[in-house]
Amino acid sequence: MSSTTLRSAQSTGEVLREIPLPPYVTGEDAQFAVRAVVVHAPRRWSGGTVCRNDANPHPCRLHRWGRRVLALRGLPPAAIDALVEQGDPAAVLPPPVRPGA
């Protein structure tokens with residue numbers, strides 16, 4: 001996608017396609033997801049909240065992907081928020097929450 005096309009898509013409010021999810025979430029996928037949500041955490045800026053890593057509007061594509069992967073892994077939103085707050089991209093994941101457990 002050229003920079004002109006990208007600017008045009010952003011100015012018209014189009015959202016870039018989401019990053020595909022893995023067919024099943026491995027431990028390695030989950031660690032990549034932790035890194036994605038931590039590195040692409042929100043940052044307050046004069047124009048609003050942006051991604052700390054790439055200054056795109058928050059949540060950026062990688063942050064959204066990481067949250068979706070971690071949710072598939074069984075982490076509730078509060079646990080994902082705690083990982084972001086902790087700020088460690090190499091943080092150890094809490095055990096997944098199993099339905100009915």
Side-chain angles (χ1 to χ4, degrees):
M1 180 178 279
S2 73
S3 61
T4 305
T5 305
L6 181 58
R7 271 187 254 122
S8 174
Q10 290 173 339
S11 66
T12 60
E14 292 179 36
V15 176
L16 296 174
R17 286 188 286 154
E18 294 294 329
I19 299 170
L21 293 172
Y24 53 91
V25 179
T26 65
E28 186 177 36
D29 294 325
Q31 279 308 137
F32 281 132
V34 168
R35 183 172 179 82
V37 298
V38 171
V39 170
H40 294 268
R43 177 180 183 188
R44 289 208 167 272
W45 199 251
S46 59
T49 305
V50 297
C51 170
R52 184 176 69 192
N53 187 62
D54 58 23
N56 281 314
H58 185 76
C60 69
R61 291 174 68 201
L62 278 170
H63 188 89
R64 291 191 311 264
W65 174 85
R67 281 191 167 277
R68 291 186 350 251
V69 169
L70 293 173
L72 285 175
R73 184 72 175 184
L75 270 68
I80 298 169
D81 292 340
L83 286 169
V84 173
E85 184 69 29
Q86 184 180 348
D88 180 6
V92 177
L93 283 171
V97 177
R98 305 271 185 221

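Here the structure is a predicted model, which is why all the values come from computation and not from measurement.
Exactly one of Val92, Leu75, Leu83 qualifies for a side-chain contact (heavy atoms from CB on, under 4.5 Å) with Val34. That residue is Leu83.
Within the 4.5 Å cutoff, the side chain of Pro42 has heavy atoms near those of the Val84 side chain. Between Leu62 and Asn53 the shortest side-chain heavy-atom distance does not fall below 4.5 Å. Looking only at side-chain heavy atoms (C-beta outward), Val69 and Val37 stay at 4.5 Å or farther from each other.
Considering every non-hydrogen atom in both Cys51 and His58, the closest pair reads N-CB, 3.9 Å. The two residues Thr49 and Arg44 have their closest heavy-atom pair at OG1-NH1, 3.9 Å. The two residues Pro89 and Gly87 have their closest heavy-atom pair at CD-O, 3.4 Å. In plain terms, the two heavy atoms of Ala71 and Ile80 that are nearest each other are N-CD1, 4.0 Å. Taking each heavy atom of Ala33 and Gly66 in turn, the nearest pair found is CB-O, 3.6 Å.
Clustering ILVMFWY residues whenever any of their side-chain heavy atoms sit less than 4.5 angstrom apart, transitively, puts Phe32 in the very cluster that holds Val25.
The environment of CZ in Arg35 is sparse: at most 12 heavy-atom neighbours from other residues, nucleotides or ligands sit within 6.0 Å.
A side-chain donor-acceptor contact under 3.5 Å links Arg52 to the backbone of Val38.
Taking CG of Leu70 as the start and CD of Gln31 as the end, the distance is 9.0 Å to the nearest 0.5 Å. For the atom pair Ile19 CD1 and His63 NE2, the distance stands at 12.0 Å (nearest 0.5 Å). Asp81 CG to Arg67 CZ: the interatomic distance, rounded to the nearest 0.5 Å, is 4.5 Å. Atom CH2 of Trp65 sits about 6.0 Å away from atom CG of Asp29, to the nearest 0.5 Å. To the nearest 0.5 Å, atom NE2 of residue His40 and atom CZ of residue Arg64 are 11.5 Å apart.
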